[in-house]
Engineer: 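Please see the structure below; I have some questions.
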Amino acid sequence: MTEQAGPVRVPRGLAGVSVSDTRISKSSSDGSLVYRGYPIAELAAKATFEETAYLVLNGKLPTRGELDSFAATLAGLSGVDGKVFEVMRALGPGAHPIDAIRTGVSALGSIDPARSSPGRQHSIESKMSALAANSRRVPAGEEPRRPGEGRGFAESLLQMLTAREATEFERWVFERVLIFYMEHDMNASTFTVRVVASTLADPYAAASAGLASLKGPLHGGANEAAMEMLLQVKSPGDAKDFVDSTVKQGKKLMGFGHRVYKEFDPRARLCKQYLREMAERRGGDGGIYGVCEAVEGEMWERKRIPPNLDYYAAPIFYLLGIEVPLYTPVFAASRVFGWMAHYNEQVEENKLIRPDSTYIGPTGLTYRPIGERQR
Ligand code: ACO
């Protein structure tokens, strides 16, 4: 009789385990990140949000005609039906914004006119922007803000979030941050999306699962947690005590650390430059850049842990005037494009994702009727 091999044991948290081949993006421990072969710094310097989204979804940069058509499709699908907002409004003012978006995406799965058409993924990608921007307003009973006509994806989202006209440089920076948030190989929410896609559930189901995964403070929720943390540090001189006491209490500093990047996160480096330039152009930032740099320095000194994207995206959002509870929704509005690229890649080369586990509980227990059970 041949002995049956047991399941392959993998490290906790699947750290260092490759669960899939992908052609979409790759982050590496040397601090590099590529989308479809293009270095992130190159895209940040030269590409628009729509060009990058097209690249991530289709595997190639668009021609002028393809780009215009893609941008027009997104703009044309961006309006959200009032019925979806009604469902979100029913959640009431205390609703967490990510729960509100997730509820909106679930509702779309049943009532989106595009839900049975090939364009349904673009409908989700495009509508996520208005769902994110209104994820606090609508449950609070306020009127939804609608996407602005003639504006690109990033500009329209920023306008809905802040209801003010940003400067050209602010819009440019916001668009870069969205490009960074769009895609990041096998992170927790993308893996979640791929698990759902592997069951051949529809993309609305996959996107709502991705949102659930993104909500947590160890993933998407970190940008809000990082900002709340930075606001506690009143000046650069307080950074050392703050880092010391947080580490001594065994707590994590939000916006630091990464499963892949151990030396630096290339997105955080670029955001740090943008933040500094924003502060200089404004002629002051209330001291936020100085605090960020001081906390980063203390953290490196003490733990050799670098900041991640969330750490420097958060103060950029702050200076742009975006409310802190909307930071993770902004992340979602961009990441949905990466999720849909992974959804398609999973379905095209599908194998149901169904791992095994090692049972370490008791065995052979005897059932006793309830009256005979001891406490
Ligand atoms: N603050 C303090 N210590 C930290 C931090 C941190 N932010 N991150 C890691 N460490 C320490 C851990 O305590 C652990 O120390 P130990 O070995 O002495 O126990 C060691 O570094 C390894 O940390 P893990 O959490 O095991 O590393 P992992 O790869 O699993 O975690 C993670 C990565 C979850 C991102 C972690 O760094 C973290 O919790 N960071 C804070 C949350 C955060 O910023 N998340 C955003 C991620 S990026 C994104 O979603 C865009």
Side-chain angles (χ1 to χ4, degrees), residues 10-19 25-29 31-33 35 40 44 56 98 132 176-193 210-233 239-272 292 294-317 324 327-339 342:
V10 293
R12 289 178 69 224
L14 299 180
V17 172
S18 172
V19 295
S25 73
K26 180 65 191 154
S27 58
S28 306
S29 57
S32 70
L33 170 62
Y35 290 177
I40 193 67
V56 165
I98 290 292
R176 305 307 102 195
V177 182
L178 290 184
I179 288 172
F180 298 151
Y181 269 130
M182 190 185 296
E183 166 55 17
H184 209 243
D185 60 58
M186 203 53 67
N187 58 86
S189 59
T190 298
F191 183 51
T192 307
V193 164
L211 284 159
S213 189
L214 190 74
K215 185 181 175 188
L218 297 190
H219 187 17
N223 55 12
E224 295 174 18
M227 194 66 233
E228 278 152 12
M229 181 190 84
L230 286 167
L231 291 172
Q232 289 173 43
V233 188
K240 187 172 182 341
D241 285 350
F242 180 80
V243 172
D244 278 351
S245 75
T246 309
V247 171
K248 270 194 197 123
Q249 290 170 56
K251 289 193 203 153
K252 282 183 168 170
L253 274 90
M254 290 295 138
F256 283 91
H258 199 275
R259 179 60 63 80
V260 176
Y261 304 125
K262 297 302 176 192
E263 294 292 318
F264 70 94
D265 176 337
R267 307 163 302 172
R269 271 201 177 166
L270 289 164
C271 281
K272 183 177 179 182
C292 289
V295 172
E296 178 187 350
E298 291 300 334
M299 190 61 173
W300 185 255
E301 190 68 28
R302 190 163 173 137
K303 301 273 290 179
R304 290 281 180 275
I305 295 178
N308 57 50
L309 168 60
D310 289 322
Y311 184 73
Y312 277 108
I316 287 175
F317 292 164
V324 177
Y327 292 6
T328 312
V330 172
F331 186 162
S334 180
R335 182 57 60 90
V336 66
F337 289 86
W339 290 341
H342 280 272

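Counting starts at 1 for both ligands and their atoms, following the listed order.
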Engineer: With the threshold set at under 4.0 angstrom, would you say Lys262 reaches ligand 1 through any of its heavy atoms?
Structural biologist: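 It does; at least one heavy atom falls under 4.0 Å.
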Engineer: Return yes when Gly255 approaches ligand 1 closer than 4.0 angstrom through a heavy atom, no otherwise.
Structural biologist: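 Flag set, Gly255 near ligand 1.
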Engineer: In the complex you have, is atom 14 (C) of ligand 1 within reach of the protein, judged by whether a heavy-atom distance drops under 4.0 Å?
Structural biologist: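 Within 4.0 Å: no protein heavy atom nearby.
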Engineer: Do any non-hydrogen protein atoms sit less than 4.0 Å from atom 17 (O) of ligand 1?
Structural biologist: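 Answer no: nothing from the protein, no heavy atom, is under 4.0 Å.
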Engineer: Which is it for His184 and ligand 1 at heavy atoms under 4.0 Å: side chain, backbone, both or neither?
Structural biologist: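 Under 4.0 Å from ligand 1, His184 contributes no heavy atoms.
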Engineer: Please say whether Gly220 places an N or O atom under 3.5 Å from an N or O atom belonging to ligand 1.
Structural biologist: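 Checking ligand 1 against Gly220, no N or O pair falls under 3.5 Å apart.
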Engineer: In the complex you have, is atom 50 (O) of ligand 1 within reach of the protein, judged by whether a heavy-atom distance drops under 4.0 Å?
Structural biologist: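 Given the 4.0 Å cut-off, atom 50 (O) of ligand 1 counts as touching protein heavy atoms.
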Engineer: Does atom 31 (O) of ligand 1 have a protein non-hydrogen atom under 4.0 Å from it?
Structural biologist: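 Answer no: nothing from the protein, no heavy atom, is under 4.0 Å.
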Engineer: Please state whether Ile305 comes within less than 4.0 angstrom of ligand 1, counting heavy atoms only.
Structural biologist: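 Distance cut 4.0 Å: Ile305 passes for ligand 1.
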Engineer: Taking 4.0 angstrom as the limit, do Asp244 and Lys240 come out as a salt bridge?
Structural biologist: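 Answer for the salt bridge query: yes.
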Engineer: For ligand 1, which is the ligand I care about here, please tell me if Ala222 has any N or O atom under 3.5 Å from one of the ligand's N or O atoms.
Structural biologist: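 No; every N/O pair is 3.5 Å or more apart.
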Engineer: Could you check whether atom 45 (N) of ligand 1 has a protein contact, counting only heavy atoms that fall below 4.0 angstrom?
Structural biologist: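 Flag for atom 45 (N) of ligand 1 set to true, protein heavy atom closer than 4.0 Å.
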Engineer: Distance below 4.0 Å between atom 39 (O) of ligand 1 and any protein heavy atom?
Structural biologist: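 Looking at atom 39 (O) of ligand 1, one finds that a protein heavy atom does lie closer than 4.0 Å.
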Engineer: Does atom 4 (C) of ligand 1 have a protein non-hydrogen atom under 4.0 Å from it?
Structural biologist: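 Given the 4.0 Å cut-off, atom 4 (C) of ligand 1 counts as touching protein heavy atoms.
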Engineer: Report yes if Phe256 has an N/O atom closer than 3.5 Å to an N/O atom of ligand 1; otherwise report no.
Structural biologist: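 By distance alone, the answer is yes.
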Engineer: Which option wins on minimum heavy-atom distance to atom 24 (P) of ligand 1: Arg259, Lys252, Lys303?
Structural biologist: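 Checking each option, the heavy atom nearest atom 24 (P) of ligand 1 is found in Lys252.
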Engineer: Of Arg259, Arg335, His342, which is the lone residue that meets side chain to side chain donor-acceptor pair (under 3.5 Å) with Asn187?
Structural biologist: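 Only one of Arg259, Arg335, His342 forms a side chain to side chain donor-acceptor pair (under 3.5 Å) with Asn187, namely Arg335.
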Engineer: Any non-hydrogen protein atom below 4.0 Å of atom 7 (N) of ligand 1?
Structural biologist: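 There is a protein heavy atom less than 4.0 Å from atom 7 (N) of ligand 1.
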Engineer: Between His184 and Tyr261, is the ring centre distance below 6.0 Å?
Structural biologist: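 Here the rings of Tyr261 and His184 have centres that are less than 6.0 Å from each other.
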Engineer: Below 4.0 Å from any atom of ligand 1, is there a heavy atom belonging to Pro217?
Structural biologist: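 Yes, that is the case, since the closest heavy atom of the residue is under 4.0 Å from the ligand.
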